[in-house]
Amino acid sequence: MSLPLIMIATAVVALALGRLTAWPTIRSLRTQLADATWSMLHDPLTGMLNRAGLQAAHANLADTTPAQPILVALIDLDDFKHINDTHGHDQGDDLLIHVGQRITDIAALHGGAAARLAGDEYAALLPARTGDVDRIADAIVTIIAQPVALPANGSSPAPVTIAASVGLALVDTNDPFAEVALHRADVAMYHAKRNGRNRHAIYQPGMTMPPAPHRRGPRLRDRHQPTGEATA
């Protein structure tokens, strides 16, 4: 074999060996990137979308479909602090996971997406059919209120019941996510709490936040804190 051919063959072998050597590193970097991307868009406790993930889902709807109505649901557990105080934070986390799975199932059933925004606050984006709003809201409230069997130290799982206040808003996919879609659902949710909790309210034009005594103060998501328990 001539010298040039030997040099070419040597270079090819070296390149192949280099690729084989680098492949584990490349694969590891790809895995790390995928994990980092997932973490940016998902809640670490429940595996649901987080606020950024839900906003991305909303943006995808706005970019890939013509302007159309969607239903935004904001779901806030009632008196969740009592669960933590009575059963402990580990059981409280288990309850948040169970509730999150129920909300995820409802959203998937209707072809939508669900998220845990912070603490005991969840949200969902669903295709909108005007006649379905009350039915969907009632289903969310009813399913969340079903008892959850939480593990108890040294004894059989104990059934725990939690209720939720749900605010809903019909908006268009091209409406701003935070300033319109989520805000209107938030306003409606506070009206549900004011009217007795364990119920839903639907945003109506002109509806505003209830007076201060009916509100619980800044939410964790308002303070840009990613996790932790709420006090509703």
S.K.: Whether the side chain of D43 engages the backbone of T46 through a donor-acceptor N/O pair (distance < 3.5 Å, no angle test) should be reported.
M.R.: yes
S.K.: Do I144 and I103 come within less than 4.5 Å of each other through their side chains, counting heavy atoms only?
M.R.: yes
S.K.: In the structure I gave you, are the side-chain heavy atoms of V148 and I162 within less than 4.5 Å of one another anywhere?
M.R.: no
S.K.: When V166 is tested against each of D138, I136, V141, D76 for side-chain contact (heavy atoms from CB on, under 4.5 Å), which residue passes?
M.R.: V141
S.K.: I'd like to know if D105 and R102 make a salt bridge, using a cut-off of under 4.0 Å between side-chain N and carboxylate O.
M.R.: no
S.K.: Quiz question: by atom type and distance under 3.5 Å, do the side chains of D78 and S165 form a donor-acceptor pair?
M.R.: yes
S.K.: Which is it for R197 and D79 under the salt bridge (charged side-chain N to carboxylate O under 4.0 Å, His left out) test, yes or no, and what are the steps along the way?
M.R.: CA-CA 10 Å; R197 305 188 177 197; D79 299 316; 3.0 Å; yes
S.K.: Can you name the closest pair of heavy atoms from R194 and P211 and give their distance?
M.R.: NH1-CD, 4.3 Å
S.K.: For residues D134 and H200, determine if any side-chain heavy atom of one lies less than 4.5 Å from a side-chain heavy atom of the other.
M.R.: yes
S.K.: Can you measure from CG (L74) to OH (Y190) and round to the nearest 0.5 angstrom?
M.R.: 8.5 Å
S.K.: Between CD1 of I83 and NE2 of H89, what distance do you get to the nearest 0.5 Å?
M.R.: 12.0 Å
S.K.: Quick check: closest heavy atoms across A201 and A188, and the distance to 0.1 Å?
M.R.: CB-O, 3.2 Å
S.K.: Can you name the residues that form a ring-ring contact (aromatic ring centres under 6.0 Å, His included) with H183, not counting sequence neighbours?
M.R.: none
S.K.: How close do A113 and L49 get, heavy atom to heavy atom, and via which atoms?
M.R.: CB-CD1, 4.0 Å
S.K.: Check whether I143 and Y122 end up in the same hydrophobic cluster, where Ile, Leu, Val, Met, Phe, Trp and Tyr are linked by side-chain heavy atoms less than 4.5 Å apart.
M.R.: yes
S.K.: Given side chains that start at C-beta, do those of L182 and R51 come closer than 4.5 Å, heavy atoms only?
M.R.: yes
S.K.: Do the side chains of Y203 and M209 join up, straight or via other hydrophobic residues, at under 4.5 Å, putting them in one cluster?
M.R.: yes
S.K.: To the nearest 0.5 Å, what is the distance between NZ on K193 and CG on N198?
M.R.: 10.0 Å
S.K.: Does the side chain of N84 reach to within under 4.5 Å of the side chain of K81, using non-hydrogen atoms?
M.R.: no
S.K.: Which heavy-atom pair separates P147 from P159 by the least distance, and what is that distance?
M.R.: CB-CB, 4.3 Å
S.K.: How would you list, by chain and number, every residue that makes a side-chain contact (heavy atoms from CB on, under 4.5 Å) with T104, sequence neighbours excluded?
M.R.: M48, Q101, A114
S.K.: Between CD1 of I106 and OG1 of T142, what distance do you get to the nearest 0.5 Å?
M.R.: 9.0 Å
S.K.: Can you name the closest pair of heavy atoms from E179 and P176 and give their distance?
M.R.: OE1-CB, 3.3 Å
S.K.: When you compare the side chain of L61 with that of H58, does any pair of heavy atoms fall below 4.5 Å?
M.R.: no
S.K.: Mind listing the closest non-hydrogen atom pair of T173 and A62 along with its distance?
M.R.: O-CB, 3.4 Å
S.K.: Just checking, is any N or O donor in the side chain of D94 or H87 under 3.5 Å from an acceptor N or O on the other one?
M.R.: no
S.K.: Do V99 and L45 land in one hydrophobic cluster if side-chain heavy atoms of ILVMFWY residues count as linked below 4.5 Å?
M.R.: yes
S.K.: With sequence neighbours left out, what residues match D172 under side-chain hydrogen bond (donor to acceptor under 3.5 Å, both in side chains)?
M.R.: none
S.K.: For L168 and V72: C-alpha separation, side-chain torsions, deciding distance, then whether side-chain contact (heavy atoms from CB on, under 4.5 Å) applies.
M.R.: CA-CA 6 Å; L168 301 104; V72 183; over 6 Å; no
S.K.: Indicate yes or no: at least one non-hydrogen side-chain atom of E121 is less than 4.5 angstrom from one of R116.
M.R.: no
S.K.: Can you find a heavy atom in the side chain of L77 that is under 4.5 Å from one in the side chain of L96?
M.R.: yes
